[in-house]
Amino acid sequence: MLEALRQPLDREELIRLVPELGLSRSLRQSEYHHLDALDHVLDTVRLVRRELEEGELGAEVRRPAGLLLAALLHDIAKPVTRGELDGRVLFVAHDTLGARLAARICARVGADAETADLVATLTELHLKIGFLNHRFTDYPAPRLARAAGPFGEELAVLCWADRLAAQGPKLKPEHLSRHRELCAGFLRASRELGPYPLPDYGELAGRLGLGRTEAGFVASRIRLLEARGLKRREAVGLASGLYRYLRGTRTAVE
């Protein structure tokens, strides 16, 4: 998987590795996008690779392989969330549902706990930087920085690449400059609140009876819940309960 993401992108090979990507082929998006959902994802991966080489944002990415996987999977739920309202194409909750689908894919391909945590976290939060200055945002900069935790640098790069990969007719030049400022501002806020130690995935796995990938997903949920104000014990209980529910649902479906 990671080797395929480092090479010139072969869409058929990536669909073979992640069959869910095939559902995004020819999936029309909003007028802020110029590509279908699959080509948008592939362009995001390319632009992440470019940012890793050129460093325009100045992000200190320590997990490039995991970031590339997150770029590939960040819109994985768009095919199952697509809808239209008054002529507008919407993908309601594709970030939240996508985090769960991405975690399942991580488990299937044998990702370690840290990679699963990164991918689930970035998929869940990849829209949030774009709304930092919105008066109704549910993730102001300090909360978003705590939710991203040790993956704040990677989140900024993904959000910037995701924006650059959307060049539809409704996009204006000022949209790009504003988004770049939001990404840079988020990086400053994240660094001011840091550092962020990685979770003890082994301890979490042992205490809750989880596999390594599952421990990464649960750690991501715990961080998100704590960022929203829950105490540690409450967050662990809710996150592990969600995992057990999803595992039971998967077993019933399969």
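Note that these values count all heavy atoms, side chains included, but never hydrogens, waters or copies made by symmetry. These figures come from a predicted structure and were not determined experimentally.
When side chains are defined from C-beta on, Glu114 counts as touching Leu198, because their heavy atoms get closer than 4.5 Å. Leu52 has its side chain within reach of Leu67: a pair of non-hydrogen atoms, C-beta onward, lies under 4.5 Å apart. Counting only heavy atoms from C-beta outward, the side chains of Leu101 and Thr123 never approach each other to under 4.5 Å. For the pair Leu73 and Val18, the minimum side-chain heavy-atom distance is below 4.5 Å. With a 4.5 Å cut-off on side-chain heavy atoms, Leu42 and Asp39 count as touching. By the 4.5 Å heavy-atom criterion applied to side chains, Asp36 and Gln29 are not counted as neighbours. Contact annotation: the side chain of Leu144 approaches that of Leu155 to within less than 4.5 Å [non-hydrogen atoms, C-beta and beyond]. Residues Leu122 and His74 have side chains not in contact (no heavy-atom distance under 4.5 Å, counting atoms from C-beta outward).
Checking side-chain atoms of Asp75 against main-chain N and O of Lys78 turns up no donor-acceptor pair under 3.5 Å. With hydrogens and angles disregarded, no donor-acceptor distance shorter than 3.5 Å links the side chain of Glu31 to the backbone of Gly168. Counting only distance, with no hydrogens or angles, the side chain of Arg49 and the backbone of Gln7 share a donor-acceptor pair below 3.5 Å. Panel note: side chain Ser240, backbone Val236; a donor-acceptor pair is recorded below 3.5 Å. The backbone N or O of Leu132 lies less than 3.5 Å from no partner atom in the side chain of Thr137, so there is not a single donor-acceptor pair. Of the possible donor and acceptor atoms, none in the side chain of Ser190 sits under 3.5 Å from a partner among the backbone N and O of Phe186. At least one donor-acceptor pair under 3.5 Å links the side chain of Glu51 to the backbone N or O of Glu56.
Under a hydrophobic clustering in which Ile, Leu, Val, Met, Phe, Trp and Tyr are joined whenever their side-chain heavy atoms come within less than 4.5 Å, directly or via other members, Met1 and Ile15 fall into the same cluster. Residues Leu5 and Phe151 fall within the same hydrophobic cluster, defined by Ile, Leu, Val, Met, Phe, Trp and Tyr side chains chained together at heavy-atom separations under 4.5 Å. The hydrophobic clustering, which links ILVMFWY residues whose side-chain heavy atoms are closer than 4.5 Å, places Leu21 and Leu69 together.
A cation-pi contact, defined as under 6.0 Å to the ring centre and within 45° of the axis, is absent between Lys128 and Tyr139.
Contact between Gln167 and Leu164 at its shortest, heavy atoms only, is NE2-O, 3.0 Å. Residues Ala166 and Leu171 approach most closely at O-CD2, 3.2 Å, considering heavy atoms. Looking at every heavy atom in both residues, Ala99 comes nearest to Arg221 through CB-NH2, 3.8 Å. Between Thr213 and Ala111, the shortest heavy-atom distance links the atoms OG1-O, 2.6 Å. Nearest approach of Ala189 to Tyr196, heavy atoms of both residues: O-OH, 4.4 Å. In this structure, Ala205 and Gly211 approach most closely via the heavy-atom pair CB-O, 4.4 Å.
Taking CD from Glu154 and CG from Leu158, the interatomic distance works out to 10.0 Å, rounded to the nearest 0.5 Å.
The aromatic rings of His179 and Trp160 lie parallel to each other, their planes meeting at an angle below 30°, with 60° marking the opposite boundary.
The salt bridge (Lys or Arg N to Asp or Glu O under 4.0 Å) test applied to Arg228 returns Asp138, not counting sequence neighbours.
Taking a 4.5 Å side-chain heavy-atom cut-off between Ile, Leu, Val, Met, Phe, Trp and Tyr, the cluster of Leu225 extends to Leu230, Leu238. When hydrophobic side chains of Ile, Leu, Val, Met, Phe, Trp and Tyr are connected at separations under 4.5 Å, Phe136 ends up as a singleton with no cluster partners.
The pair Glu181-Arg178 does not meet the salt-bridge criterion, since no charged nitrogen lies less than 4.0 angstrom from a carboxylate oxygen.
Residues Asp162 and His40 bring a donor and an acceptor atom of their side chains to less than 3.5 Å of each other. Judged by distance alone, the side chains of Thr121 and Arg223 do bring a donor and an acceptor atom under 3.5 Å apart. In this model, a donor atom of one side chain and an acceptor atom of the other lie less than 3.5 Å apart for His94 and His126. For the residue pair Asp117 / Tyr201, a side-chain donor-acceptor distance below 3.5 Å is found, with atom types taken as modelled. Under 3.5 Å, the side chains of Glu124 and Thr96 contain a donor-acceptor pair of N or O atoms.
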- [ ] Carefully, step by step, assess Arg146 and Glu226 under the rule salt bridge (charged side-chain N to carboxylate O under 4.0 Å, His left out).
- [x] CA-CA 8 Å; Arg146 289 192 293 270; Glu226 287 185 314; over 6 Å; no

